[in-house]
Amino acid sequence: QVQLVESGGGLVQAGGSLRLSCAASGRTFSGYAMGWFRQAPGKEREFVAAVSSGGSSTYYTNSVKGRFTISRDNAKNTVYLQMNSLKPEDTAVYYCAQMRSRWSPPSTGEASYGYWGQGTQVTVSS
């Protein structure tokens, strides 16, 4: 059974930084693309960033480009989301997710992801 456990969320002032981590277990990590999504209060969950299985390709939603960086360490079975220049509108619960199919390219769509973490709260104060 795949388990994804996020950590690193918290309260930060606007302009600050946070680094989220997502530790995976249960199946071979290196063969699966990973993604980060977020859900703000009263809104639907949205795509934030994704990284290919080897880490060479990354994708971002427009609102975080230039501020967030997704990366992975396959030796540690962990994916990261470095968030800089945080804004109040980044406030949300952040979820990591693992693609259903091995060796598939990353997707921006939730349906492509078969496993999800429990989420970690990020709150950015103005």
Side-chain angles (χ1 to χ4, degrees):
Q1 182 71 12
V2 175
Q3 280 195 313
L4 303 174
V5 180
E6 300 102 333
S7 61
L11 173 64
V12 64
Q13 288 188 330
S17 298
L18 284 174
R19 188 195 197 201
L20 305 184
S21 299
C22 172
S25 62
R27 66 177 180 179
T28 305
F29 179 73
S30 60
Y32 295 90
M34 299 291 294
W36 285 96
F37 291 75
R38 66 186 179 186
Q39 186 168 23
K43 295 187 176 181
E44 294 188 352
R45 190 157 58 186
E46 64 172 355
F47 169 79
V48 176
V51 61
S52 60
S53 58
S56 60
S57 298
T58 56
Y59 306 85
Y60 300 92
T61 192
N62 285 338
S63 63
V64 309
K65 283 181 181 177
R67 300 189 297 122
F68 290 12
T69 302
I70 188 171
S71 62
R72 64 190 295 161
D73 185 338
N74 285 344
K76 296 182 178 180
N77 290 355
T78 302
V79 61
Y80 305 97
L81 186 67
Q82 177 68 44
M83 305 185 295
N84 299 329
S85 302
L86 282 161
K87 305 175 180 180
E89 51 264 42
D90 294 318
T91 295
V93 177
Y94 283 71
Y95 299 90
C96 73
Q98 189 176 74
M99 291 281 287
R100 295 181 184 276
S101 300
R102 199 173 186 188
W103 309 124
S104 293
S107 171
T108 61
E110 289 190 41
S112 296
Y113 293 83
Y115 297 95
W116 295 80
Q118 82 288 351
T120 185
Q121 176 70 47
V122 171
T123 303
V124 184
S125 63
S126 56

If you apply the rule side-chain contact (heavy atoms from CB on, under 4.5 Å), what do you find for Arg67 with Asp90, and how did you get there? CA-CA 11 Å; Arg67 300 189 297 122; Asp90 294 318; 2.7 Å; yes
Indicate whether the side chain of Arg27 and that of Gln98 have a donor and an acceptor atom separated by less than 3.5 Å. yes
Indicate if Tyr113 and Val51 have the same hydrophobic cluster label, given that clusters are the connected sets of ILVMFWY residues with side-chain heavy-atom separations under 4.5 angstrom. no
Taking every heavy atom of Ser52 against every heavy atom of Ser56, the minimum-distance pair comes out as OG-N, 3.3 Å
Expected output: side-chain Thr78 to main-chain Lys76 donor-acceptor under 3.5 Å: yes
Same cluster (ILVMFWY, side-chain, under 4.5 Å), Tyr95 and Met99: yes
Provide the closest heavy-atom pair for Ser17 versus Asn84 in the form atom of the first, atom of the second, distance. OG-OD1, 2.9 Å
Mind checking the CD-OG1 spacing from Glu46 to Thr108? Nearest 0.5 Å is all I need. 11.5 Å
Nearest atoms (heavy-atom pairs only) where Ser107 meets Ala50: O-CB, 4.2 Å
Is there a continuous path of hydrophobic side-chain contacts, each under 4.5 Å between heavy atoms, that joins Val64 to Val79? yes
Below 4.5 Å, heavy atoms only, C-beta onward: do Tyr59 and Phe47 meet side chain to side chain? yes
Where do Leu20 and Met83 come nearest, in terms of heavy atoms and distance? CG-CE, 3.7 Å
Main-chain N/O of Ser53 paired with Asn74 side-chain donor or acceptor, under 3.5 Å: yes
Atom CD of residue position Glu89 - does it have more than 12 heavy atoms of other residues, nucleotides or ligands inside 6.0 Å? yes
Evaluate side chain to side chain donor-acceptor pair (under 3.5 Å) for Gln121 paired with Thr123, printing each intermediate quantity in order. CA-CA 6 Å; Gln121 176 70 47; Thr123 303; 3.3 Å; yes
Would you name the heavy atoms of Ser125 and Leu11 that are closest together and state the gap between them? CB-CD1, 4.4 Å
Does Tyr80 belong to the same Ile/Leu/Val/Met/Phe/Trp/Tyr cluster as Ile70, with side-chain heavy atoms less than 4.5 Å apart forming each link? no
Measuring from atom CZ of Arg19 to atom OG1 of Thr69, what distance do you get when rounded to the nearest 0.5 angstrom? 10.5 Å
NZ on Lys87 to OG on Ser63, rounded to 0.5 Å: 8.0 Å
Is a side-chain donor or acceptor of Thr28 paired with a backbone partner of Ser30 at a separation under 3.5 angstrom? no
Calculate, to the nearest 0.5 Å, the distance between atoms CZ and OG1 belonging to Arg38 and Thr61 respectively. 7.0 Å
Atom CH2 of Trp36 and atom CE of Met34: how far apart are they, to the nearest 0.5 Å? 8.0 Å
Can a cation-pi geometry be assigned to Arg72 and Phe29, taking NZ or CZ under 6.0 Å from the six-membered ring centre and within 45° of the ring axis? yes
Does the pair Phe68 and Leu86 meet the rule for a side-chain contact (heavy atoms from CB on, under 4.5 Å), with working shown? CA-CA 9 Å; Phe68 290 12; Leu86 282 161; 3.8 Å; yes
Does the ring centre of Trp116 sit less than 6.0 Å away from the ring centre of Phe37? yes
Would you say Glu6's side chain and Cys96's backbone share a donor-acceptor pair under 3.5 angstrom? yes
Which atom pair, heavy atoms only, marks the closest approach of Gly119 to Val93? CA-CG1, 3.8 Å
Arg100 side chain to Tyr115 backbone, donor-acceptor under 3.5 Å: no
Can you tell me how far the OG1 atom of Thr120 sits from the OH atom of Tyr94, to the nearest 0.5 Å? 10.5 Å
